[in-house]
Amino acid sequence: GSPSHTQTRSGVTELGSEQENKIDSLFLTLKFGTEVVEKTISGTDLSALSDQDTYGNPLIKVNFDVDFTIWNSASTIDATVFANYRTVPAAISRETDFWNGDVLKPLFMSGRTVAMPKEENGKVELVRQVAKLRTKISKTTDCIPANLQILYDEIKVQVLHVADHSAALNGDPVIGQIIPIDYDLRDARNIITSTDYQPNLTVDSCYIHENIYGGTDPDSITTLSIKIPTLDPLTNHKEILEKEFQIKGSTGFNIERNHIYTLDIKI
């Protein structure tokens, strides 16, 4: 049957992990009218500024010294902040490109506040430039036969029609080349160590770039192709359940950055 889809927003509905929240460096650009002021903060200078907001997310407070003439040149500030990378990272061809072994590379984050008030504490909210796709597989209570085993270590997951990079901060229309990316569970970060019968077991969790779907072509909709091997231990009969699921969010088939998409499949 149709699995349930849920979508949550990283950082508010659900906190990111320590690795997903990691910020090594900040690159700030403030525009006062035609005047531009830049600042880079990294290392111990950055850690000394770190705090937490009410949700438990990283909060970094930065003070700027700005020339009086520049300060008076505009009524508001156009503030852009990049985290971990000075420019947008190169295109990604596989989910494993996000990792150094079992360590997640610092994610590219960005934020912009176009009309920040000068006379108040301005705020720029950073968002991760990737979405997270999470797949859960478990058995229903009325599964027949009752002792059916799901062979988790043999599950094959493939994510189709994923862009190779996210749109630029300014909302440039080009999302990127749509390419199929193959995720093998045996290469996933979540190592399966529990029994087959743990309910709602998360079997695959990966990062993908956003896909702002604006057409009618089904070959451009981010799709999960999954093969689930099952075994009846009484008869030793093995059967592979295979199906494709189009990933849905709150806005149709759009996959948006900084959101978590959970597909809950029950056998």
Side-chain angles (χ1 to χ4, degrees), residues 6-30 39-64 79-92 94-113 116 121-136 159 162-163 165-169 181 183 187-191 202-211 247 249-250 254-263:
T6 59
Q7 172 185 312
T8 55
R9 187 170 184 277
S10 299
V12 178
T13 312
E14 183 172 344
L15 290 179
S17 68
E18 182 178 354
Q19 291 188 72
E20 291 168 344
N21 287 342
K22 185 177 180 59
I23 296 177
D24 284 340
S25 52
L26 284 180
F27 305 95
L28 300 90
T29 301
L30 303 186
K39 188 170 187 175
T40 298
I41 307 172
S42 60
T44 55
D45 292 337
L46 181 61
S47 60
L49 300 171
S50 298
D51 201 350
Q52 288 186 337
D53 66 10
T54 55
Y55 297 106
N57 294 299
L59 177 66
I60 300 172
K61 298 180 180 179
V62 179
N63 291 322
F64 256 87
T80 300
V81 182
F82 286 176
N84 298 323
Y85 300 85
R86 182 180 290 277
T87 58
V88 178
I92 298 293
R94 296 180 63 86
E95 198 265 346
T96 51
D97 292 340
F98 287 108
W99 296 83
N100 280 323
D102 291 329
V103 178
L104 180 67
K105 296 177 182 178
L107 296 176
F108 176 52
M109 307 179 195
S110 67
R112 184 183 183 192
T113 300
M116 179 187 295
N121 288 327
K123 181 178 181 181
V124 178
E125 182 178 285
L126 290 177
V127 297
R128 303 171 190 88
Q129 296 298 96
V130 292
K132 189 173 183 178
L133 178 60
R134 187 161 51 198
T135 309
K136 295 183 178 181
V159 186
V162 179
H165 64 281
S166 293
L169 180 67
I181 300 179
Y183 304 150
D187 296 329
R189 301 315 111 182
N190 296 338
I191 300 174
T202 301
V203 298
D204 183 68
S205 188
C206 59
Y207 300 99
I208 58 176
H209 285 291
E210 64 181 4
N211 183 3
I247 306 303
S250 60
N254 284 351
I255 302 297
E256 301 175 72
R257 70 188 74 186
N258 210 53
H259 283 70
I260 302 169
Y261 296 84
T262 302
L263 190 69

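In this chain, residues are counted from 1 in sequence order. Heavy atoms only: backbone and side chains are in, while hydrogens, waters and symmetry mates are out. Computed from a prediction, not measured in an experiment: that's the story for all the values here.
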- Start with the C-alpha distance between Leu30 and Lys39, add both sets of side-chain angles, then the distance that settles side-chain contact (heavy atoms from CB on, under 4.5 Å), and finish with yes or no. CA-CA 9 Å; Leu30 303 186; Lys39 188 170 187 175; over 6 Å; no

Notebook entry, point to check: Taking the six-membered ring for Trp, are Phe98 and His209 parallel (under 30°), tilted (30 to 60°) or perpendicular (over 60°)?
Noted result: tilted

Contacts of Ser42 meeting side-chain hydrogen bond (donor to acceptor under 3.5 Å, both in side chains) (sequence neighbours excluded), chain-then-number -> none

Between the CG atom in Asn254 and the CD1 atom in Ile247, the distance rounded to the nearest 0.5 Å is 13.5 Å

So CD of Glu256 and OH of Tyr261: to nearest 0.5 Å the spacing works out to 4.5 Å

Practice problem: Begin with the C-alpha distance, continue with both residues' side-chain angles, and end with the deciding distance and a verdict on side-chain contact (heavy atoms from CB on, under 4.5 Å) for Leu59 and Lys61. | Solution: CA-CA 7 Å; Leu59 177 66; Lys61 298 180 180 179; 4.0 Å; yes

Sorted by chain and number, sequence neighbours left out, side chain to side chain contact (heavy atoms under 4.5 Å, CB included) with Lys105 holds for Tyr85, Asn100

For Asn21, the side-chain hydrogen bond (donor to acceptor under 3.5 Å, both in side chains) test, sequence neighbours excluded, returns Arg128

Hits for salt bridge (Lys or Arg N to Asp or Glu O under 4.0 Å) against Asp97, two or more places apart or cross-chain, chain-then-number order -> none

In terms of heavy-atom contacts, Met116 and Ala79 come closest through CE-CB, 3.6 Å

Nearest heavy-atom contact between Ala163 and Glu210 is CB-O, 3.6 Å

One should read off an interatomic distance between Leu104 CG and Tyr207 OH, to the nearest 0.5 angstrom, of 4.5 Å

Looking at Asp51, I'd like to know if its CG atom is crowded, meaning that more than 12 non-hydrogen atoms belonging to other residues, nucleotides or ligands lie closer than 6.0 Å. yes

Value for OG1 (Thr262) from CZ (Arg134), rounded to nearest 0.5 Å, stands at 3.5 Å

*asked:* For Thr113, is there any backbone N or O sitting under 3.5 Å from a side-chain donor or acceptor partner on Lys123?
replied: no

In this structure, CZ of Arg257 is separated from CD1 of Ile255 (nearest 0.5 Å) by 13.0 Å

So CG of Leu107 and CD of Gln19: to nearest 0.5 Å the spacing works out to 9.0 Å

Yes or no on side-chain hydrogen bond (donor to acceptor under 3.5 Å, both in side chains) for Arg86 and Thr40, after CA distance, side-chain angles and deciding distance? CA-CA 9 Å; Arg86 182 180 290 277; Thr40 298; 3.2 Å; yes

Residues passing the side chain to side chain contact (heavy atoms under 4.5 Å, CB included) test with Ala83, sequence neighbours excluded, are Ile23, Leu26, Met109, Leu126

Ring pair (Phe, Tyr, Trp, His ring centres under 6.0 Å) filter on Phe27, not counting sequence neighbours, yields none

| task | Check for a donor-acceptor pair, side chain of Asp24 on one end and backbone N or O of Asn84 on the other, with a separation under 3.5 Å. | result | no

